[in-house]
Amino acid sequence: MKRRSFCGAALATVTAASLPFTRLLAAADAPIAGDVPAIGMTGKQIVLPRSDLTDLRARLRGQLLLAGDEGYDAARRVWNGSFDRKPAVIVRCTGAADVVQAVNFGRAHELLVAVRGGGHSISGQSTCDGGLMIDLAPLNGVRVDPIARRARVSGGAKLGDFDREAQAFGLATTAGTVSHTGVAGLTLGGGFGRIGRKYGLACDNLLSVDVVTADGKFVKASDEENPDLFWGLRGGGGNFGVVTSFEYQLHPVGPVLLGGVLIYPVTQAKEVMEFYDGFIAEAPDEVYVDTTLITTPDGKKVLILDTTYCGSIEAGERALKPLREFRKPLVDTIAPTPYIKLQSGLDDAFAYGRHYYVKAGYIRKLPPDLIGTMIECFMSSTLPVTPVLTAHTGGAISRVRENATAVSHRDARHSLLVAAAWADSNGDEAHLKWARSSWKLLEPFTRGFYANDNSADIPERRVLENYGSNYDRLAVLKTKYDPTNLFRLNANVKPKA
Ligand SMILES: Cc1cc2nc3c(=O)[nH]c(=O)nc-3n(C[C@H](O)[C@H](O)[C@H](O)COP(=O)(O)OP(=O)(O)OC[C@H]3O[C@@H](n4cnc5c(N)ncnc54)[C@H](O)[C@@H]3O)c2cc1C
């Protein structure tokens with residue numbers, strides 16, 4: 001009896017589950033209607049023959065999506081709502097084999113190619129109009145080896161996926177501060193985070209990567225295999241290929257850490273930030289504190305210090321005490337908190353689909369005139385979400401040699417950012433105007449920038465300068481691994497002629 005009802009339930013499940021599956025199959029099997037107009041990698045209008053698209057689809061395990069297909073609009077969407085772009089073709093990759101097919105197709109047709117990991121870039125370069133989007137979103141597995149303290153993370157995984165799996169074993173490695181950010185773009189650009197001062201950048205914790213290069217070859221890169229490529233992938237962004245899997249070193253972290261926010265009225269911002277600058281100069285690597293000048297949803301202008309202590313709760317209480325006692329904040333939420341909760345506390349503040357514009361540069365300290373300018377820029381805005389903030393770096397990050405990886409400006413102590421966020425394109429003009437005029441005042445205090453933290457309107461010359469003494473080596477690598485610049489939608493390194 002029991003057995004029969006189990007079979008019945010199973011049958012019901014299979015039947016119900018089969019319905020959408022059948023629909024999917026039907027959509028995937030429907031013949032492609034005709035040739036598809038597209039944009040080539042140099043901006044030229046081209047045509048993708050129907051027969052080539054049909055052939056590509058037959059070679060894939062994942063989906064090939066064209067405009068009008070079910071799932072096309074959801075797949076083309078990225079975090080920054082300012083980029084409502086329409087690729088000619090989207091390949092939803094389920095494994096390295098799909099990535100190889102997509103790269104070969106893009107190269108053979110000289111197509112404009114965008115690579116989407118978590119889809120979270122500020123620059124919107126993981127999508128494009130008229131090109132090929134190689135979408136790794138379905139490729140999001142995470143496997144942790146708790147004994148070896150290592151993790152294998154697929155190229156489309158989000159930080160939240162990674163942290164959650166690793167924290168099940170009380171482990172973690174440096175990852176960014178918003179859990180819906182992609183592992184891939186973050187790690188390839190460097191990867192700052194709450195525990196970075198203790199354990200270095202996300203890319204400093206890489207042991208190896210699997211990557212599909214522009215010639216469609218699947219290669220492994222590590223200190224032992226293709227070490228030149230491994231060097232360039234740590235800070236050189238998406239310039240050298242599509243990474244299908246990252247292998248990281250993990251560390252014991254939490255799972256409960258001391259952390260939380262201190263909130264002050266903006267009238268106290270100057271004195272608190274001046275005190276903070278001295279406090280942070282002496283702080284141990286375990287201390288991580290971001291500062292944010294922001295308007296709360298009920299219209300109050302405040303300074304928020306967002307803290308994490310990567311160590312024991314008792315040591316954290318001692319280390320953060322001077323900061324907590326300097327002035328009485330309006331709010332102090334610092335308490336033992338699950339690391340996962342700290343890592344997702346900002347998620348709603350940076351929700352998917354709104355419009356964002358961000359400018360950022362590195363600073364080495366917070367002198368009083370910079371603090372004054374930050375407050376001036378912040379106070380000059382009457383718009384709802386226009387924070388001026390600093391993200392904390394330094395510590396172990398700055399003890400790695402400047403040319404040990406492709407990451408430049410390791411001596412920075414903070415990344416300084418102005419960020420504008422708004423709901424729809426009606427707000428573009430006012431927000432862009434505020435962010436750009438604020439940045440004009442703030443940029444002179446900066447030296448170098450984190451490309452991952454910036455909107456894409458940076459002059460090409462400045463992008464190249466920013467790679468500093470690592471640029472020549474990156475250009476040699478680019479020439480070797482991507483001589484036609486197939487992967488150009490990034491902080492682009494040009495191949496040598
Ligand atoms: C709200 C917010 C918070 C952030 N916080 C942090 C932070 O705390 N620390 C930090 O370091 N950064 C932070 N960033 C910046 C972040 O590192 C970048 O936005 C990063 O590009 C996100 O990666 P992604 O895979 O989601 O991006 P995507 O938009 O998918 O990709 C960005 C670029 O990365 C490359 N790329 C993506 N996937 C692959 C792949 N599998 N193989 C090869 N190339 C690939 C491509 O060139 C692509 O154009 C933050 C960004 C936002 C928007």
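Both ligands and their constituent atoms are indexed starting at 1 by order of listing. Keep in mind that what you see is a predicted model, and the values were worked out from it rather than measured.
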Peer 1: Would Gly241 count as a contact of ligand 1 if the rule is a heavy atom under 4.0 Å away?
Peer 2: yes
Peer 1: In the structure I gave you, are the side-chain heavy atoms of Leu48 and Leu111 within less than 4.5 Å of one another anywhere?
Peer 2: yes
Peer 1: Could you tell me which atoms of ligand 1, counted from 1 in the order shown, lie closer than 4.0 angstrom to a heavy atom of Leu489?
Peer 2: 47 (O), 49 (O)
Peer 1: Closer than 4.0 angstrom: is that true for some heavy atom of Phe240 and an atom of ligand 1?
Peer 2: no
Peer 1: Show the atoms of ligand 1 that are less than 4.0 angstrom away from any heavy atom in Val242.
Peer 2: 42 (N), 43 (C)
Peer 1: Applying side chain to side chain contact (heavy atoms under 4.5 Å, CB included) to Thr173 and His251, what does each step give before you reach the verdict?
Peer 2: CA-CA 6 Å; Thr173 210; His251 311 276; 3.7 Å; yes
Peer 1: Report the part of Trp79 (side chain from C-beta onward, or backbone N, CA, C, O) that has a heavy atom under 4.0 Å from ligand 1; answer both or neither where that applies.
Peer 2: side chain
Peer 1: Could you pull out, from Thr181, Thr244, Thr187, the option with a heavy atom nearest to atom 4 (C) of ligand 1?
Peer 2: Thr181
Peer 1: Can you figure out which of Leu159, Thr177, Asn452 has its heavy atom closest to atom 15 (C) of ligand 1?
Peer 2: Asn452
Peer 1: Would you mind running through ligand 1 and noting each atom that sits below 4.0 Å from a heavy atom of Arg116?
Peer 2: 30 (O)
Peer 1: Only heavy atoms of Val243, strictly under 4.0 Å: list the atoms of ligand 1 that pass.
Peer 2: 40 (C), 41 (N), 42 (N), 43 (C)
Peer 1: Show me which atoms of ligand 1 lie under 4.0 Å from any heavy atom of Gly119.
Peer 2: 24 (P), 26 (O), 27 (O), 28 (P), 29 (O), 30 (O)
Peer 1: Using heavy atoms and a threshold below 4.0 Å, how should the contact between Tyr450 and ligand 1 be classified: side chain, backbone, both, or neither?
Peer 2: side chain
Peer 1: Note the single closest protein heavy atom to atom 9 (N) of ligand 1, along with its residue, its atom name and the distance in Å.
Peer 2: Phe192 O, 2.9 Å
Peer 1: Please confirm whether the backbone N or O of Arg410 pairs with a side-chain atom of Glu402, one donor and one acceptor, at under 3.5 Å?
Peer 2: yes
Peer 1: By number and element, which atoms of ligand 1 are closer than 4.0 Å to a non-hydrogen atom of Leu188?
Peer 2: 42 (N), 43 (C), 44 (N), 45 (C)
Peer 1: Please state which option from Asn492, Leu186, Leu136 has its nearest heavy atom closest to atom 20 (C) of ligand 1.
Peer 2: Leu186
Peer 1: As an exercise, identify every atom of ligand 1 less than 4.0 angstrom from a heavy atom of Gln125.
Peer 2: 49 (O)
Peer 1: Using every non-hydrogen atom in the two residues, find where Val358 and Leu417 come nearest and quote the distance to one decimal.
Peer 2: CG1-CD2, 3.8 Å
Peer 1: For residues Asn104 and Arg107, is any side-chain donor paired with an opposing acceptor at under 3.5 Å?
Peer 2: yes
Peer 1: If I compare all heavy atoms of Ala319 with all of Tyr309, which pair ends up nearest, and what's the gap?
Peer 2: CB-CE1, 3.6 Å
Peer 1: Does the protein put any heavy atom within less than 4.0 Å of atom 33 (C) of ligand 1?
Peer 2: no
Peer 1: Hey, does the side chain of Asp290 reach the backbone of Asp306 with a donor-acceptor pair shorter than 3.5 angstrom?
Peer 2: no
Peer 1: Counting only N and O atoms by type, is there a donor-acceptor contact under 3.5 Å from the side chain of Arg152 to the main-chain atoms of Asp145?
Peer 2: no
Peer 1: What's the separation between atom CH2 in Trp434 and atom CG in Leu383, rounded to the nearest 0.5 Å?
Peer 2: 8.0 Å
Peer 1: Verify, without hydrogens or angle tests, whether Trp231 (side chain) and Asn403 (backbone) share a donor-acceptor contact under 3.5 angstrom.
Peer 2: yes
Peer 1: Suppose I only count heavy atoms of Gly176 and a 4.0 Å limit; which atoms of ligand 1 are within that range?
Peer 2: 7 (C), 8 (O), 9 (N)
Peer 1: Check for me whether Gly193 has a heavy atom closer than 4.0 Å to any atom of ligand 1.
Peer 2: no
Peer 1: I'd like to know if Gly191 contacts ligand 1, where contact means a heavy-atom distance under 4.0 Å to any ligand atom.
Peer 2: yes
Peer 1: What do you reckon, are the aromatic ring centroids of Trp79 and Phe350 less than 6.0 Å apart?
Peer 2: no
